[in-house]
Each structure stands twice: as C-alpha cells, then as structure tokens.
There are 2 protein chains.
Amino acid sequence: MKIDPNATSDLSAQIAKAIRDSIVEGRLIVDERLPSEAEMAEQFKVSRATVREALKRLAAQSLIRTQRGAFGGAFVNKLSFEEAYGQQVTTSTLLISMNEVSFETACEARYTLERACAPLAAQRRLPDHLADMRAEIVRQGQPGLTDERFCASDVAFHRALVNAAGNPVLAFQLAGAVEGMQPLMNMITFTARSRERIIDLHTNIADAIEAKSAAPADEALGELARYTVELAQGVFDERAKSRP
Amino acid sequence: MKIDPNATSDLSAQIAKAIRDSIVEGRLIVDERLPSEAEMAEQFKVSRATVREALKRLAAQSLIRTQRGAFGGAFVNKLSFEEAYGQQVTTSTLLISMNEVSFETACEARYTLERACAPLAAQRRLPDHLADMRAEIVRQGQPGLTDERFCASDVAFHRALVNAAGNPVLAFQLAGAVEGMQPLMNMITFTARSRERIIDLHTNIADAIEAKSAAPADEALGELARYTVELAQGVFDERAKSRP
DNA sequence: GACTTTTAAATGTCTGACAAATGAAAATTG
DNA sequence: CAATTTTCATTTGTCAGACATTTAAAAGTC
C-alpha cells in the first residue's frame, strides 16, 4: 500500500482506495482487524486525522466497522444482504431522481426485471410469501389510505413477489428497480377506480403464484406495467394542461 | 437538521445522515452549495474535524463533491450513471464474495435478469452494440488468452448485450449481476473445448440479436446458463477430489 | 482593454490534547 | 480457591488551533 503525496486526489481518498482494494482483492479478510489509526498514520506518513477521514469513507460503504476501547479498532465488515439492499435502494433512488429518467424508462426497467422473477416465484413460493402478498392486497383495499401509503404497500407487495423467487442475490439486484421507483410512483394520484384495477391485477398475480402457474403471473405483470404508464401519462397530461 | 450528542452513534454519522436525508428528500438540490465546514461546525455545535468526517462519508457515496479555494466548498453531486454503476459493481462483488453465495444462485440471478433483457435488445439493438458483441467474440477466439482475460471479455460481451436493450436504468440494475459474477467466473478453468462451446453460444446470441429475433437469443442464454453451471460443477468436483 | 498582482475564502493537512469506552489483568473479598 | 471489583493500558471519538494550498474575484498596472 503506497501513497503518493503529489497525486491530484486527497490523501484520505488515496488511503481509502488502498484499503478498499485490499478488501476487494482479498488481502484483508472479513473480521480482520486493521492497524490502529495511530499505526496507520505512521505507516502512511500522514496525520491521524487524515487516516480517520479515510476510515470514515470506508465506513460509509459498510466496508469496515469500528469499535472503541482496548482491543477495539477497525474491522473488515462482512457486507450483509440487508446493508447492500439499503445501499442499492439509496443509489437507485438518487440516480432516478437526479437524471431526468422518464417514467416509461424506469417503469420498463422495473417490470422487465420483475417479470423475469415471476416464473421462479411461481415455482418456489412458500406460504409466507403468499401471505405477505395477500396482506398487502388487503391493505391496498382499505378506504382512507393515502396515495403514499398505497404506493408503499405496492412496493411491499412486489418485494414479496421478488422474495418468493427464493434467490437472495436476485432479490438484492431487484431492490433498486422496485424501491427506487417509489418517488416517481408517489407523484401519481390514485383514484378509487385505478386502485381497484391495480388490486385486481395484484390478485391475479397472487392467484397465479399460488397456483404455481407462471404465464398468468407474467401476463398480469405486463398488464400492470402498461396500466401504470397509462396512469402516469394521465397525470403528466393533466399537469401540462394546468401549466402551459 | 438536529443532532443529538447523547445518541449512540457517532456525531459524524449523525451529521452525514442529516445531510443525506436532505439530499434524498430534495431539500438540497443538485449543484447546491453546502455551508462551509466552519459554518456547519458552528451550526451543529461540533468541531470542524467532525464535520469533515461527515462530509467524507457523503463523498464516499458520491453524494457530494468538494472544491478548494475561494467560492469553493461542498456541492451536491449529480449522481451519474457511471458512478452509480461502479458502486453497484463493488457492492455486488463484495456481497457475493463475503456471503457464501453458491455458484448456482449467483448464476441463476445473472442469467434470469439477462434473459429478461434479450427481447428488448433484439428489438432495439444498434450497429454499435452488435459490433461490440462481435469484437468480443473475436477476442474470445484468440489463442493464448488467459482465463482471466477470457472472463473479462465474456463480461464485456454481456455488457454490450444489456446495453443493446437501450434502457440505461436497466443497464445500471444489471451491472452488479453481470460484473459482480466475475470473481466466481475467474475460478473456472476454460479448456479449448469449453471456450469453443461458449463462443458458439455467443455467436448464436449475436446472430439472434442481429436478426431481431428474441426467442433464439433467449434459448442460447438459457443454454449458456446451464453450461456455465455444469463447467463450475466440474471444477468443484475436481477440487473436492484433490482435497478430500 | 488586457494583463498581472493581491487578497480573501475555502478546503486539505498537521499537531497535540482530552474524553469515553472497553476488555484484560491485577487486586480484593468471601 | 472462586467470584467480584478495581485498575489500567489501548483505542476510537472529539476538540481547538495552526498552517499550507488552491482558487476566483478584486484591485492594480501598463
């Protein structure tokens, strides 16, 4: 691990990169303890403050965790699916909100990936997954539900569908596609009639998954994708009319 | 933005969270300048070092960028697809390598998602994407190519396929699934015969995409998924035999 | 007006210090 | 001896102040 004091980037960024590379390439293994801040400061010939800034960068990516006290220090963190899932959602949400991604593009990505899960979900679903899906459908039918809560329940329904595929890597990869869409979905005003239609389609999906038949689930998801884009189009048209 | 000095977590983590929330929820918009470190230190009633640690956390997630000099400071960064792509790949790679994910599980996730792209790719592919795919196929046929380079070319081929779908959000979501697999793929030893088989399947895929016919592409991808798992199984069996 | 110099503001880095947490070892107690 | 308490060294978390470096605007110069 070498640091170049004359490089363009910050010393803390260089140090963070050196340690990150060591972790990614396996020279530092999970739960291994890094040298203390003071030792690293000496090793890299920088101050402790600079080392700390580097460590905070790594902590932000869940690559290390720190513990105070004697025999404490910084340890290589075993990245959990939960942590990775959260990072994935945050990144996707920001990416979509900051890059003028059209609703159609985001929606297409989401439903394309989700439909890919449907056959696996139909094949492997457990009672728990079905129960989760049914519970969200019930929630979606409750009167007085705000649009935001309706959307949140929609996300929860689709998360259950993805989980039913029984592949944690797949679930992680889809996290951003499903949950990152929520801010866009929240912009839609759901009328009683559109909710009814969506709940019908969700019911079709749950029924198909329960019956372990992939095709109808895929069909309903396709229909849902079309309908969602249609609803969004209506909202945008309405908005364009009121602000010409 | 409020900070609790008695909370369990670090002050710098709390401050980072407060700023992150402001960005995610839109209270801070792209390119907006944050207060200077000294001002934030005063505002949050902490030292400048603590504020800096918080800012480094945000910089590690590409949420802010900093600029030195007068009228410099920390600015909300517009998360680019490129940056997000890189983060996604790093996270996926670490997640897979640290969590005893079976080759089958990772492979299933990858090919399930990739097959979902095939119809879109067949429909929308541009000459550039085809050229990229063909170029990688040529490279894969060169003698003397190391296994690692063969794998890297394999990833490049599949990246071109995903890009051919013409949906940047989809491409981003698939980044981890395709590239995060590489360390696992690198463990496979590719014989001349297995390379030939893979190149044949890649050619089938490229031909199908060129002909804008989705079904053969999907078929070849399925075959490739099966064959990859089979190859890996061979490697693991071999290893089990030599180290009983 | 075009060029150079100055200057103020901001981040980057360093030093030294103290607070707080924490587990191991030593001392104490029954 | 065993259980408990105390001490203590180590390490991270936080702070204050200083200086170096970068940068663009402002002032000065021809």
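What you are looking at is a predicted structure, and each value in this text was computed from that prediction instead of being measured. The sequence lines fix the lettering, A, B, ..., with proteins before strands; numbering per chain opens at 1.
Side-chain proximity of B/L11 to the nucleotides C/dG23, C/dA17, D/dC15 is greatest for D/dC15. Proximity note for B/V46 (side chain, C-beta onward) versus C/dT13, D/dC15, D/dA25: the nearest is D/dC15. The side chain of A/R68 approaches C/dA19 more closely than any other nucleotide in the set C/dC14, C/dA19, D/dT10. Closest to the A/E53 side chain, of the nucleotides D/dA20, C/dT13, D/dA16, is C/dT13. Comparing C/dG12, C/dA10, D/dT14 against the side chain of B/S36 picks out C/dA10 as the nearest. Closest approach to the B/E37 side chain among C/dT11, D/dG13, C/dT13 is made by C/dT11 (side chain taken as heavy atoms from C-beta onward).
OP1 or OP2 of D/dG13 has at least one side-chain nitrogen or oxygen of A/K56 nearer than 4.0 Å. At the phosphate of C/dG12, neither OP1 nor OP2 sits under 4.0 Å from any side-chain N or O atom of A/S12. Between C/dG12 and B/T66, a contact under 4.0 Å exists linking OP1 or OP2 to a side-chain N or O.
Rounded to whole Å, atom C1' of D/dT12 lies 11 Å from atom CD1 of A/I64. Between the P atom of D/dA18 and the CZ atom of A/R48 lies a distance of 21 Å, rounded to the nearest Å. Residue A/L34 contributes atom CG, which lies 13 Å from atom C1' of D/dT11 at whole-angstrom precision. Computed from coordinates, the A/R52 CZ to C/dT15 C1' distance equals 15 Å when rounded to whole Å. Distance, B/E42 CD to C/dA9 P: 15 Å, rounded to whole Å. With rounding to whole Å, B/L58 atom CG is found 16 Å from C/dT11 atom C1'. As rounded to whole Å, 14 Å separates atom C1' of C/dA19 from atom CG of B/D10. The separation between B/L55 atom CG and C/dT13 atom P is 14 Å, rounded to whole Å.
Side-chain atoms of A/Q87 and B/Q88 form no donor-acceptor pair, as typed in the model, at a separation below 3.5 Å.
When A/R110, A/R139, A/R159 are each tested for a salt bridge (charged side-chain N to carboxylate O under 4.0 Å, His left out) with A/D154, only one passes: A/R110.
A salt bridge is absent between A/E25 and A/K17; no separation between the charged side-chain nitrogens and carboxylate oxygens falls under 4.0 Å. Salt-bridge formation is not detected for the pair B/E39/B/R48: no Lys NZ or Arg NE/NH1/NH2 atom is positioned less than 4.0 Å from an Asp or Glu carboxylate oxygen.
Of the two residues contacting DNA chain C, namely A/S47 and B/F71, the nearest-nucleotide position lying further toward the 5' end is that of B/F71. Place A/A49 and A/Q67 on DNA chain D by their nearest nucleotides, and A/Q67 ends up nearer the 5' end.
Annotation: B/E42, atom CD; neighbour count of heavy atoms from other residues, nucleotides and ligands within 6.0 Å does not exceed 12.
Nucleic acid contact for A/R65: none, since no nucleic acid atom lies under 4.0 Å from a heavy atom of the residue.
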